[in-house]
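Before any comments, here is the structure.
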2 protein chains.
Amino acid sequence: MNWKERFPQFEPGLIELIEKEAVQRSFNAGDVIMRTGQYIKSTALVLEGRVKIYRENQDGGEFLMYYLLPGQACAVSMICAIQTHTSEVMAVAEEDSEVLMIPVHLMDDMMNQYKTWYQFVIQTYRNRFDELLSVVDNIAFRNMDERLEFYLKRYAEKTGKKSMDISHQQIADDLNSSREVISRLLKKMEQRNLVKLHRNMIELT
Amino acid sequence: MNWKERFPQFEPGLIELIEKEAVQRSFNAGDVIMRTGQYIKSTALVLEGRVKIYRENQDGGEFLMYYLLPGQACAVSMICAIQTHTSEVMAVAEEDSEVLMIPVHLMDDMMNQYKTWYQFVIQTYRNRFDELLSVVDNIAFRNMDERLEFYLKRYAEKTGKKSMDISHQQIADDLNSSREVISRLLKKMEQRNLVKLHRNMIELT
DNA sequence: TTCCGGGGGTGACAGAAATCACAGCGGGTA
DNA sequence: TACCCGCTGTGATTTCTGTCACCCCCGGAA
């Protein structure tokens, strides 16, 4: 699939510029696309696959904030590009993914010259901001059992799948919890007929 | 103080437009400037005082996200203005405050016509996004004792004061915790010589 | 002065979650 | 086949936090 079909709203001049200056990169499932603290040279637009954005702390803890789907962009890379120049988050490919990398030095001109780009950036800020607000809701107001349900439900929404190939340990990492807690909560959910548990796979019902 | 001195970066045409269309409003300490779910008619720029932005949940819980100081604006009111049309947060004046209200129907034109406004909006998104990231850090990775320390330290930074006129109950509300927990943690901080406790007042040392 | 309500201290307890310990199971590899 | 390692289940224990009960203290109002 051609990348342009992911961004039909872009105007011709912008498409031409991106065509000339941007680089398309492929990542395998599990690859780290961007590390916390890494110098940011490009803004990333997702073309195919699915990317998870994590917040990390010093002690090796990590916390899944949200997903990026095809047609979406990393708001953080747009922000960091101009402010701090190093990434505040980690981006990981959850599936094999295609990503379009646009050098940050072009951002200013693109914002000024191409209205469709400007609208895209504003829209990206808005969507990610909204998403961050619901992340705050979850960790500020909800217990782990509700956060786990939200986690599974969101996965189903984002992927359209009703089964998840994932270990309890990975879920615990995403929620910054521990494997035992997640196992126990999943068992309770199974007793309530919300899920069926298998090895390395969870069926959502 | 004239409002223009708070926004020296604005260009003449923009100042003229704001002068003509915006309304300046005064709030007393404790006044609610905007409620969750309220229809948004204006974008708010803070001229004087200090405004606290809260996220609320259905059960009456609230959670302080960040402060707005003079010269800053509510990113949420910019976002909601166009997307959902109702506020996702609550804004409360912590001190007597002056706020400039700009009707949202002007936003589109202002973004297009006035580069200094556009830059201001982008900058606002960035700052609030960064602030939200550190909020996520705190509640995702830190225990209540560290969150309390962050809360006090941030207050000192934002106000430049080294004493806080506030009850333990109000702190508990801001952190979505309970009065007893905050009292106990403050006592421990006092034993470590980080604070001195008084009635309705905390001295930061 | 007395009364009363809000602020603050403290112990007892309950529930959520993290941690430790250990056992069974399954799938891949030597 | 035998082995190993990662995934899962489960009990015991501890820590953190929220909740309940009850106390005293202060300051303003009557």
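Throughout, a chain's letter reflects where its sequence line sits, starting with A, and its residues are numbered from 1. Worth knowing before you read on, the calculation uses all heavy atoms, side chains too, and leaves out hydrogens, waters and symmetry mates.
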**Item:** Side chains of B/Y155 and B/R50 in contact at under 4.5 Å (non-hydrogen atoms)
**Value:** yes

**Asked** Are B/E88 and B/R55 side-chain neighbours, meaning at least one heavy-atom pair lies under 4.5 Å?
**Response** yes

**Asked** Within this structure, what is the CD-to-P distance between A/Q170 and D/dG6, rounded to whole angstrom?
**Response** 13 Å

**Message:** Can you measure A/R147 atom CZ to C/dA16 atom P for me and round it to whole angstrom units?
**Reply:** 15 Å

**Prompt:** Atom CD1 of A/I171 to atom P of D/dC7: distance rounded to whole Å?
**Reply:** 12 Å

**Item:** d(CD, A/Q169; C1', C/dT19) in whole Å
**Value:** 13 Å

**Request:** Nearest whole angstrom, please: distance from the C1' of D/dT17 to the CZ of B/R142.
**Result:** 18 Å

**Request:** Could you check how far CG of A/L148 sits from P of C/dA16, rounded to whole Å?
**Result:** 15 Å

**Message:** Taking the side chain as everything from C-beta on, heavy atoms only, tell me whether B/W117 gets closer than 4.5 Å to B/K115.
**Reply:** no

**Request:** Answer yes or no: is there a side-chain heavy-atom contact under 4.5 Å between B/R142 and B/D137?
**Result:** no

**Asked** What string of B, S and - do you get for nucleotides 18-23 of chain D, 5' to 3', if B is base contact, S is sugar-phosphate-only contact and - is no contact with any protein heavy atom under 4.0 Å?
**Response** BBBB--

**Request:** Indicate yes or no: does A/E95 engage A/K161 in a salt bridge with an N to O separation below 4.0 Å.
**Result:** yes

**Whole-Å distance separating the CD1 atom of B/I139 from the P atom of D/dT17** = 14 Å

**Asked** Can any side-chain N or O of B/T205 pair as donor or acceptor with the backbone N or O of B/L194 at less than 3.5 Å?
**Response** yes

**Prompt:** Where along residues 185-205 of chain A does a heavy atom come under 4.0 Å from DNA chain C, residue by residue in number order?
**Reply:** A/R199

**Prompt:** Between B/N143 (CG) and C/dA17 (P), how many Å, whole number?
**Reply:** 13 Å

**Message:** Do A/N127 and A/Q123 pair up side chain to side chain, a donor and an acceptor below 3.5 Å, judged on atom types alone?
**Reply:** yes

**Asked** So, is B/S183 near the phosphate of C/dG8, with a side-chain N or O under 4.0 Å from OP1 or OP2?
**Response** no

**Message:** Just so I know, are the side chains of A/L68 and A/R128 near enough to count as touching, which here means a heavy-atom distance under 4.5 Å?
**Reply:** yes

**Item:** Flag side-chain contact, heavy atom, 4.5 Å: A/P70 against A/L47
**Value:** no

**Asked** Where the side chain of B/S167 is defined as all heavy atoms beyond and including C-beta, which of D/dC16, D/dT8, C/dG7 is the nearest nucleotide?
**Response** C/dG7

